[in-house]
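No experiment lies behind these values; they were computed from the predicted model shown.
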Amino acid sequence: MDGAFDDRDGKIWMDGQMVEWRDAQVHVLTHALHYASSVFEGERAYNGKIFLGHEHSKRLHFSAGELDFEIPYTVEEIDAAKDAVLKANGFTDAYVRAVAWRGAGQDMGVASARNPVRLAIAAWAWGNYYGDAKMKGAKLDIAKWKRPSPETIPVHAKAAGLYMICTTSKHAAEAKGCSDALFMDYRGYVAEATGANIFFVKDGEVHTPLPDCFLNGLTRQTVIKLLKEKGITVHERHIMPEEMEGFEQCWLTGTAAEVTPVGQIGDYTFEVGALTRDIAETYEKLVRS
């Protein structure tokens, strides 16, 4: 499936019913468009089954609550709608996007308590998020922006507004020939990439930033569990940028990224080593099991 995302064949689930892809429209005075009152989930289906689909639906509800709105569908209803979207479009392997937002209504200022909450679910074919980086390792820039303090924004919600600096940072990275950008947090610790969590390897042990001011990804949690099952020590801790010089391997995790090796971050280089390849293969087997 190619071309602009608003001009495709297929079906999208919207507010309780399946509509034609091109008819899935919202009004220009939709609150979320002006004030980022929107939360979403990115999920992948393998062999017809969405990996951790129920957990994603629960997180969508949590994120909405963090933005002070309630989705008018239960977690189970969202699960069923996602399955229906896959079937309606004839997908077995696909990327699934669920998005909930404050729609157009009586309010068009900052407050929007009287506006309806909308929900839509779409799915499309999406290959490797970082292209050929799966084999040779992604190249990352270091973002000029920092992940904010939990005192400034609901950092554990998967909310649209939190991705504003991700877009600008990824654009800057791509202009330099990189795949993505790495954020530090407001204290200067290593945080995450624009849409993925990060892991490092040193002396056979794994180190990953503590998710105290950014999303604790479901893929991140899955990979930590897999590593521990293999008997590998995992340190979840604050990591200073200069520590990257001593790390031997690095990878990213995320629903879209899956497990993607990293070959370079700024001036630091990493090998696409045995542990990186092993955990990528183990994850690949798990999601298709």
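- Under the 30°/60° scheme for interplanar angles, the aromatic rings of Phe199 and Trp251 are found to lie parallel.
- Using a 4.0 Å cut-off between a side-chain N of Lys or Arg and a carboxylate O of Asp or Glu, Asp212 and Arg147 do not qualify as a salt bridge.
- No donor-acceptor pair closer than 3.5 Å links the side chain of Ser112 to the backbone N or O of Met108.
- Annotation: Trp101 is not in aromatic contact with Tyr35 [ring centroid separation under 6.0 Å not met].
- With side-chain heavy atoms closer than 4.5 Å counting as contact, directly or through intermediates, Phe62 stands alone and belongs to no larger hydrophobic cluster.
- Side-chain atoms of Ser63 do not come within 3.5 Å of backbone N or O of Leu60 as any donor-acceptor pair.
- Nearest heavy atoms, Leu275 versus Gln249: N-OE1, 3.6 Å.
- In terms of modelled atom types and a separation under 3.5 Å, the side chain of Thr276 and the main chain of Val272 share no donor-acceptor contact.
- Every pair passing salt bridge (charged side-chain N to carboxylate O under 4.0 Å, His left out) that includes a residue from residues 235-254 is listed here, sequence neighbours excluded: Arg220-Glu236, Arg237-Glu243.
- With hydrogens and angles left out, the side-chain atoms of His31 and Asn115 include no donor and acceptor closer than 3.5 Å.
- Ring centroid separation for the pair Phe247 and His207 comes in under the 6.0 Å cut-off.
- Separating the NE2 atom in His61 from the OH atom in Tyr73 is a distance of 11.0 Å, to the nearest 0.5 Å.
- Under a 4.0 Å N-O distance rule, the pair Lys285/Glu281 does not qualify as a salt bridge.
- Residue pairs meeting the ring pair (Phe, Tyr, Trp, His ring centres under 6.0 Å) criterion with at least one partner in residues 179-198, sequence neighbours excluded, are Tyr189-His238.
- No single ILVMFWY cluster, assembled from side-chain heavy atoms under 4.5 Å apart, contains both Phe214 and Ile142.
- Here Asp7 pairs with Arg22 in a salt bridge; the nearest charged N to carboxylate O distance falls below 4.0 Å.
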So Glu66 and His156, side chain to side chain donor-acceptor pair (under 3.5 Å) or not? Walk me through it.
CA-CA 8 Å; Glu66 291 289 279; His156 298 296; over 6 Å; no

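- Cys213 SG to Asp185 CG: the interatomic distance, rounded to the nearest 0.5 Å, is 4.0 Å.
- Applying the salt bridge (Lys or Arg N to Asp or Glu O under 4.0 Å) test to Arg102 and every residue at least two apart in sequence or in another chain returns nothing.
- Summarising the geometry, atom CG belonging to Asp267 is positioned 9.5 Å from atom CE belonging to Met244; distances are rounded to the nearest 0.5 Å.
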Set out, in order, the CA-CA distance, both residues' side-chain angles and the distance that settles side-chain contact (heavy atoms from CB on, under 4.5 Å) for Thr208 and Thr253, then state yes or no.
CA-CA 11 Å; Thr208 188; Thr253 64; over 6 Å; no

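- Applying the side chain to side chain donor-acceptor pair (under 3.5 Å) test between Glu41 and each of Arg97, Lys158, Lys58, Arg59 identifies Arg59 as the sole match.
- Side-chain atoms of Lys228 do not come within 3.5 Å of backbone N or O of Thr233 as any donor-acceptor pair.
- Under a 3.5 Å cut-off, the side chain of Thr30 and the backbone N or O of Ala32 do not form any donor-acceptor pair.
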Please list, one pair per line, the donor and acceptor atoms closer than 3.5 Å that link side chains of residues 44-52 to other protein atoms, with sequence neighbours excluded.
residue, atom, partner, partner atom, Å
Arg44, NE, Thr255, O, 3.0
Arg44, NH1, Trp126, O, 2.7
Arg44, NH2, Gly127, O, 3.0
Arg44, NH2, Ala256, O, 2.9
Tyr46, OH, Glu258, OE2, 2.6
Asn47, ND2, Arg288, O, 3.4

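- For His54 (side chain) and Glu76 (main-chain N/O), no donor-acceptor pair under 3.5 Å exists by modelled atom type.
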Ignoring hydrogens and angles, write down the donor-acceptor pairs under 3.5 Å from the side chains of residues 169-176, residues two or more places apart or on other chains.
residue, atom, partner, partner atom, Å
Ser169, OG, Ile165, O, 2.7
Lys170, NZ, Ser179, O, 3.0
Lys176, NZ, Asp141, OD1, 3.2
Lys176, NZ, Asp141, OD2, 3.2

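- Cation-pi check for Arg8 over Phe5 is met; the charged atom lies under 6.0 angstrom from the ring centroid and within 45 degrees of its normal.
- Side chain of Gln264 to backbone of Gly266: a donor-acceptor contact under 3.5 angstrom is found.
- Asp278 and Lys230 are joined by a salt bridge, as a carboxylate oxygen and a charged side-chain nitrogen come within less than 4.0 angstrom of each other.
- Rounded to the nearest 0.5 Å, atoms CG (Asp23) and CD1 (Ile12) are 9.5 Å apart.
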